[in-house]
Trainee: 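Can you keep this structure in mind? I'll have questions shortly.
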Amino acid sequence: MGQYVKVKVHAGEKKNRLEQKAPDSFEIWVKAPAEQGRANEAVRAILAENLGVPESKITLIKGATSPSKIFLKRG
């Protein structure tokens with residue numbers, strides 16, 4: 001199946017930063033603006049790197065236009 005990962009995103013920040021709140025919960029600050037999915041892609045890349053999986057294994061399943069998102073990690 002997979003693991004659900006909850007993320008609170010702050011877009012348009014000065015630098016990228018990740019803070020783990022719980023085993024399946026993160027708060028992520030990204031430089032990318034919250035337009036045309038750029039912040040979502042930046043968050044996906046940071047999450048994949050932190051979880052040690054390729055970006056292709058991380059899928060946004062809820063919250064595309066919201067600061068609160070749920071990603072699915074496969075593999």
Trainee: If you measure from NE2 on H10 to CD1 on I28, what distance do you get to the nearest 0.5 Å?
Mentor: 9.5 Å
Trainee: Could you list who else is in W29's hydrophobic cluster, with ILVMFWY side chains joined at under 4.5 Å, directly or through other members?
Mentor: none
Trainee: Could you point out which residue of L18, N16, V9 forms a side chain to side chain contact (heavy atoms under 4.5 Å, CB included) with V43?
Mentor: V9
Trainee: If you look only at distance, which donor and acceptor atoms sit under 3.5 Å apart when one is on a side chain in residues 51-75 and the other is two or more places apart or in another chain?
Mentor:
| residue | atom | partner | partner atom | Å |
| --- | --- | --- | --- | --- |
| T59 | OG1 | R74 | NH1 | 2.5 |
| S66 | OG | S68 | N | 3.1 |
| S66 | OG | S68 | O | 3.3 |
| K69 | NZ | N40 | OD1 | 2.9 |
| K69 | NZ | G63 | O | 2.7 |
| K69 | NZ | A64 | O | 3.3 |
| K69 | NZ | S66 | O | 2.6 |
| R74 | NH2 | S56 | O | 2.6 |

Trainee: Do I46 and F26 come close enough that some side-chain heavy atom pair is under 4.5 Å?
Mentor: no
Trainee: Which atom names give the shortest non-hydrogen contact between P33 and A11, and what distance separates them?
Mentor: C-CB, 4.2 Å
Trainee: Please report the interatomic distance NZ(K31) to NZ(K15), rounded to the nearest 0.5 Å.
Mentor: 10.0 Å
Trainee: Keeping the roles fixed (side chain from Q20, backbone from A22), state whether a donor-acceptor pair exists under 3.5 Å.
Mentor: yes
